Peer 1: 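Quick one: this structure, given as structure tokens, is what I'll be asking you about.
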Amino acid sequence: MTKLIYFAWVRERIGKPSEEVELPAEVKTVRDLLGWLKGRGEEYEEALRFPEAIRVAINQEHVKHGTAIAGAREIGLFPPMTGG
Amino acid sequence: MNIEPVIRIQNGDFDSAAEVAAMTAGRYDIGAVVTFTGLCRDECGKLSALELEHYPGMAEAEIGRICREAAERWLLQAITVVHRHGRIEPGENIVLVATASPHRHAAFEAASFVMDFLKSNAPFWKKEHDAQGRAGGWVDAKDSDEAALERWKR
């Protein structure tokens, strides 16, 4: 199982802060994950309509969309950051 | 230089002077301290508060990575970063970055570098509350913040 954790408007649109999922074997990269998630329902479709805008962290470190997700315990999905 | 950054993510306010005092206490080798404090603006009366969300654990880890990178680029003797989360009203503090070095140049540059990367890479998100106190939209990331990182490329 992999823990998915959502923040800001990604969290609001999906409607939950986190969930545990069993990822299918064909979901190999971050890009695959975003595509797979989008197909899980209207709320996911709404949150991930522009997948290239979504930032992703694996095990609490930023990664690019081409990064492999093998070995990920926790994957964070969120909009571009606006701290400071 | 091998320094251990002081990083705190907290709901409550901070006291910049107290943070600097703690950083320099009992030391006679520091020649320059630069502090940057980010405050909440009221956007000409349109904003009553910001609500800051963060990714617990990753926020500390990412700021730690940024501080260690700064310590590799400049001769630093200490770095403190304090970032608040939760509801913050106009006039209140949001973030503190303090850097200490033997000389001013390194302290100024490192503080600027840490803030630039913190803005675009530390996992925090701001939501605006309007003058009537209603929760509005999430603040959009600015291209100018992303562009600010360009000058640190090497």
Side-chain angles (χ1 to χ4, degrees), chain A residues 1-21 29-30 33-34 37-38 42-84, chain B residues 7 9 36-41 50-66 81-86 88 93-97 111-128 135-149:
Chain A
M1 296 290 271
T2 308
K3 184 179 188 185
L4 302 181
I5 176 161
Y6 311 121
F7 293 97
W9 53 254
V10 175
R11 171 180 55 73
E12 288 182 342
R13 289 173 193 174
I14 290 177
K16 53 186 134 187
S18 65
E19 62 186 316
E20 297 272 346
V21 295
T29 66
V30 168
L33 171 69
L34 291 167
L37 271 177
K38 245 177 111 170
E42 241 173 60
E43 63 277 31
Y44 293 90
E45 173 74 39
E46 171 65 18
L48 308 174
R49 186 180 300 166
F50 302 102
E52 60 285 354
I54 305 293
R55 304 298 176 91
V56 179
I58 293 183
N59 302 339
Q60 306 195 345
E61 260 190 77
H62 291 297
V63 293
K64 298 204 182 313
H65 286 193
T67 303
I69 57 175
R73 297 180 306 277
E74 179 176 300
I75 306 179
L77 288 90
F78 40 82
M81 290 140 282
T82 54
Chain B
I7 296 161
I9 312 297
F36 169 85
T37 310
L39 287 84
C40 176
R41 289 184 304 261
L50 284 175
E51 200 181 306
L52 269 106
E53 180 169 332
H54 75 298
Y55 187 161
M58 182 174 169
E60 292 86 343
E62 186 62 26
I63 294 172
R65 287 189 276 271
I66 296 167
V81 177
V82 184
H83 203 304
R84 294 181 63 198
H85 64 84
I88 299 178
N93 294 324
I94 300 176
V95 63
L96 170 75
V97 171
S112 186
F113 173 92
V114 169
M115 265 317 294
D116 280 354
F117 277 86
L118 188 151
K119 278 250 167 207
S120 293
N121 290 353
F124 288 86
W125 301 271
K126 291 188 183 111
K127 182 183 245 189
E128 293 178 329
W138 292 94
V139 173
D140 283 327
K142 292 193 197 79
D143 289 341
S144 57
D145 286 336
E146 201 67 42
L149 304 184

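Numbers restart at 1 for each chain; the letters A, B, ... are given by sequence-line order, proteins then strands. As the structure is a prediction and not an experimental result, all values here were calculated from the model.
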Peer 1: How long is the span from the CD atom in B:Glu146 to the CE atom in A:Met81, to the nearest 0.5 Å?
Peer 2: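 Here the rounded value is 8.0 Å.
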Peer 1: Heavy-atom pairs under 4.5 Å with chain A - which of B:Leu96, B:Val139, B:Leu118 has more of them than the others?
Peer 2: B:Val139
Peer 1: Which heavy atom of A:Pro79 sits nearest to which heavy atom of B:Trp125, and what is that distance?
Peer 2: O-NE1, 2.9 Å
Peer 1: Which region of B:Lys127, side chain (C-beta onward) or backbone (N, CA, C, O), has a non-hydrogen atom less than 4.5 Å from a non-hydrogen atom of chain A, or is it both or neither?
Peer 2: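 Contact with chain A is through the side chain of B:Lys127 alone.
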Peer 1: Would you call the rings of B:Tyr55 and A:Phe78 parallel, tilted or perpendicular if under 30° counts as parallel and over 60° as perpendicular?
Peer 2: perpendicular
Peer 1: What's the spacing between A:His62 NE2 and B:Ser120 OG if we round to 0.5 Å?
Peer 2: 9.0 Å
Peer 1: Flag the one option from A:Ala57, A:Pro80, A:Gly76, A:Gly84 with the top tally of heavy-atom pairs under 4.5 Å to chain B.
Peer 2: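 Top option by heavy-atom pairs under 4.5 Å: A:Gly84.
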Peer 1: Which heavy atom of A:Thr82 sits nearest to which heavy atom of B:Asp140, and what is that distance?
Peer 2: CG2-C, 3.8 Å
Peer 1: Should A:Glu12 and B:Trp138 count as side-chain neighbours, where that means a heavy-atom distance under 4.5 Å?
Peer 2: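 Yes, close enough: below the 4.5 Å cut-off.
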Peer 1: Side chain, backbone, both or neither: which part of B:His85 has an atom under 4.5 Å from a heavy atom of chain A?
Peer 2: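 Contact with chain A is absent: no heavy atom of B:His85 under 4.5 Å.
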Peer 1: At a heavy-atom separation under 4.5 Å, does B:Arg65 approach chain A through its side chain, its backbone, both, or neither?
Peer 2: side chain
Peer 1: Does CD in A:Glu52 sit with more than 12 non-hydrogen atoms of other residues, nucleotides or ligands closer than 6.0 Å?
Peer 2: yes
Peer 1: Which one of B:Gly38, B:Gly137, B:Pro123 has the most heavy-atom pairs closer than 4.5 Å to chain A?
Peer 2: B:Pro123
Peer 1: Please flag which part of B:Glu51 lies under 4.5 Å from any non-hydrogen atom of chain A: side chain, backbone, both or neither.
Peer 2: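 Contact with chain A involves no heavy atom of B:Glu51 at all.
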